[in-house]
Amino acid sequence: MIRWLAGLIGLGVAATSALAADPVAIGVGYLGVAGTRSTLSLVEQPAENDGIAGAKLAIEDNNTTGKFLNQRFTLEERRIREGEDPVQAATALAETNGFIIADLPADALLKVADALRDRGTLLFNAGAIDERLREADCRANVIHTAPTRAMLADALGQYLVWKKWSRWLLVVGSHDEDKLFADALRRTAARFGAKIVQERTFEDKGGARRTDSGVTLIQRQMPVFTQQAPAYDVLVAADESEVFGAYLPYRTWDPRPVAGSAGLVPRSWDAAQDQWGAIQMQNRFVKLNSRRMTALDMQAWTAVRMIGEATSRTNSGDVKKVTDFIKGPDFSVAAFKGTRLTLRDWNLQLRQPILLVDGRMVVSVSPQEGFLHQVSELDTLGYDRPESKCKLK
């Protein structure tokens, strides 16, 4: 009897010690650029906390589960200003955080990835959509939750072809990023059987359009710019630089729909998304931030949730164990998109459906019906394994 009571007391002491033990700390850093970009639409100006707000919501979600596993997630933010060294900021974050969510331009992201390679820090690219980060310039310590231009273009192209709008008038901006999106759209057209009947370039000549005469000027300019085009079904705009795209709908010479950078737009996420339980997360995000959730918010949220999912599945805060699990065949993460998302092992790009939105509603979700693949229909969006030039290093 005495021995039995002693055993019970011993178990009680062990349980109390376990509960009293400090939780395993999992540090997550967020590295972004100070300031926000300007958009043509006043109602679409990004918030100062664009991106980081999604990461904070995911930290809350991770800690909800972490309470039962004795894990505690923290988030540390750093912003770099023009002219500042991103490597210095990233190195400082890496001192206390094994994972870093990055919203950086492609060149800066590569510098950071190379600088942190030997430290074992895992980076999540939440902002850059450049194809080269998953192809010639891919890195083994960078996982991509942001989609690529090719994924966005393919998502749009599948829907346009499904609608039998196969004749495209392509209008391209004069900036480098506009040309990169145009390259992706050309690839999509060739891949899915659409025809670009003509291409036109909209030159950015500077100047401000938000003047008292702006509407009158644009109303005269856009019809003239788009007249005398060969017969086409849809105007597809490549205007990542936000110079002209938003001015095209309802102003073209011929009454045609607009898609691409305006009109029907492909995005990883949109404030109108309410399917597959998304409304619950959207409401929580609005309650915390008094604004709607953007694509960048969602890409950062997904990155932090990937970390949380892997730590709970491995029951470990060890960066290497978590990294290996995320890259392994058993990993997946739920993200309110109708299917669990997995990682492409050849370039570390997260497979994901793409929403097609018009500014008020989700019009459709790609991949579209009938676009088949031997492994995953999600691999019909973007560069597939046989096309990839990525050599992870």
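FYI, the numbering just counts along the sequence from 1.
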- Which residues share a salt bridge (charged side-chain N to carboxylate O under 4.0 Å, His left out) with Asp85, sequence neighbours left out: none
- Query: Are Asp183 and Lys179 close enough for a salt bridge, meaning some N to O gap below 4.0 Å?
  - Reply: no
- Message: Give me each pair satisfying ring-ring contact (aromatic ring centres under 6.0 Å, His included) with a member in residues 364-393, each pair once, sequence neighbours excluded.
- Response: Phe192-Phe371
- Message: Taking the side chain as everything from C-beta on, heavy atoms only, tell me whether Leu180 gets closer than 4.5 Å to Glu131.
- Response: no
- Message: Quick one about Ser268 and Gln352 (side-chain donor to acceptor, distance below 3.5 Å, no hydrogens or angles considered), yes or no?
- Response: no
- Item | Heavy-atom neighbours of Gln227 CD exceed 12 at 6.0 Å | yes
- Query: Gly245 and Ala262: which non-hydrogen atoms are nearest, and at how many Å?
  - Reply: O-CB, 3.1 Å
- Note on the structure: Applying side-chain contact (heavy atoms from CB on, under 4.5 Å) to Ala334 and not counting sequence neighbours gives Arg340
- Between Glu95 and Arg119, is there a salt bridge with N-O shorter than 4.0 Å? yes
- Do Asp178 and Phe202 touch side chain to side chain, with heavy atoms closer than 4.5 Å? no
- Item | Ion pair check, Arg305 and Asp61, cut-off under 4.0 Å | no
- Message: Within the structure provided, determine whether Phe99 and Val322 are in side-chain contact (heavy-atom separation under 4.5 Å).
- Response: yes
- Task: Identify the residue among Leu355, Leu356, Leu264 that makes a side chain to side chain contact (heavy atoms under 4.5 Å, CB included) with Ser364.
- Result: Leu356
